[in-house]
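Input: a single structure, listed below in structure tokens.
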Amino acid sequence: MSVTQMNIRIDSTVKSEGDLALAQAGYTPTQAVRLLWEFARRKLGDIQGLREVLASLEETDSQQVSVGYEPEVDAADSAWQRRIDLYQQLGIPLPTKTSVAESELGDALQAQVDADRLTMEEIYAERQDERGV
């Protein structure tokens, strides 16, 4: 499997709050980006469908700005529902919802960082094998 690294610029507040929401939903930022790109790949023959989904995300974002952000619990539930909707659109089996207490959030984030590190080590090992090193 060939792997490409992506570097993006994003508002630091959006990043930190997004990381928190993803962690509460049981995802790492890497997993979320991979899901988005996989979704876009599947919509390659349906560009209008891809535009509609992305536009709906923009509309949701602008509505939150005009109305104000939801309380954390409602935002987490809303994020969970969007995750379920995306899974259904992609035809992926639905995940089990897990909750993380705020006091356990640091441990949950560290576990995700560790899981990402292991994934990167596996990818690195695969690349080394492919190169015969």
Side-chain angles (χ1 to χ4, degrees):
M1 168 173 88
S2 177
V3 178
T4 299
Q5 180 174 339
M6 296 173 46
N7 296 305
I8 63 166
R9 296 193 185 280
I10 187 169
D11 180 90
S12 60
T13 302
V14 171
K15 167 103 171 64
S16 62
E17 290 177 1
D19 287 350
L20 179 61
L22 288 169
Q24 289 177 343
Y27 281 96
T28 64
T30 299
Q31 291 168 322
V33 169
R34 285 181 182 151
L35 278 173
L36 175 61
W37 254 248
E38 181 61 28
F39 177 74
R41 186 181 69 85
R42 289 182 183 175
K43 288 291 186 179
L44 193 57
D46 180 19
I47 297 302
Q48 186 57 36
L50 177 59
R51 284 186 180 133
E52 289 172 7
V53 169
L54 294 175
S56 72
L57 292 173
E58 287 178 335
E59 290 170 10
T60 300
D61 196 35
S62 64
Q63 288 170 0
Q64 285 180 345
V65 170
S66 63
V67 175
Y69 285 104
E70 303 169 356
E72 281 188 34
V73 174
D74 292 340
D77 288 341
S78 176
W80 178 258
Q81 187 55 52
R82 287 192 303 271
R83 178 181 178 191
I84 295 300
D85 293 344
L86 180 62
Y87 269 61
Q88 289 172 336
Q89 288 175 359
L90 295 174
I92 299 172
L94 297 178
T96 304
K97 185 174 183 179
T98 58
S99 63
V100 176
E102 193 171 321
S103 61
E104 300 171 347
L105 190 55
D107 293 337
L109 288 172
Q110 186 59 51
Q112 289 181 358
V113 167
D114 292 343
D116 276 352
R117 184 176 297 120
L118 287 174
T119 301
M120 291 306 295
E121 288 173 2
E122 290 170 4
I123 291 170
Y124 179 76
E126 286 176 13
R127 290 178 116 184
Q128 296 301 320
D129 288 344
E130 289 171 2
R131 295 178 180 159
V133 175

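We count residues from 1, following the sequence as given. Note that the structure is predicted; figures quoted are calculated from it, not measured.
Following chains of ILVMFWY side-chain contacts shorter than 4.5 Å, one can reach Met6 starting from Leu54, so the two form part of one hydrophobic cluster.
Scanning both residues, Asp19 and Pro29, for their nearest heavy atoms gives OD1-CG, 3.1 Å.
The side-chain contact (heavy atoms from CB on, under 4.5 Å) check on Gln31 picks up Tyr27, Thr28, with sequence neighbours excluded. In terms of the side-chain contact (heavy atoms from CB on, under 4.5 Å) criterion, residue partners of Ile47 (sequence neighbours excluded) are, by chain and number, Arg51.
Between the CG atom in Leu22 and the NZ atom in Lys15 there is a gap of 9.0 Å [rounded to 0.5 Å]. In this structure, the separation between NZ on Lys43 and CZ on Arg41 is 13.0 Å, given to the nearest 0.5 Å.
Between Glu38 and Arg34 no salt bridge is recorded (no basic side-chain N to carboxylate O distance below 4.0 Å).
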Quiz item: So Glu121 and Leu118, side chain to side chain contact (heavy atoms under 4.5 Å, CB included) or not? Walk me through it.
Solution: CA-CA 5 Å; Glu121 288 173 2; Leu118 287 174; 3.7 Å; yes
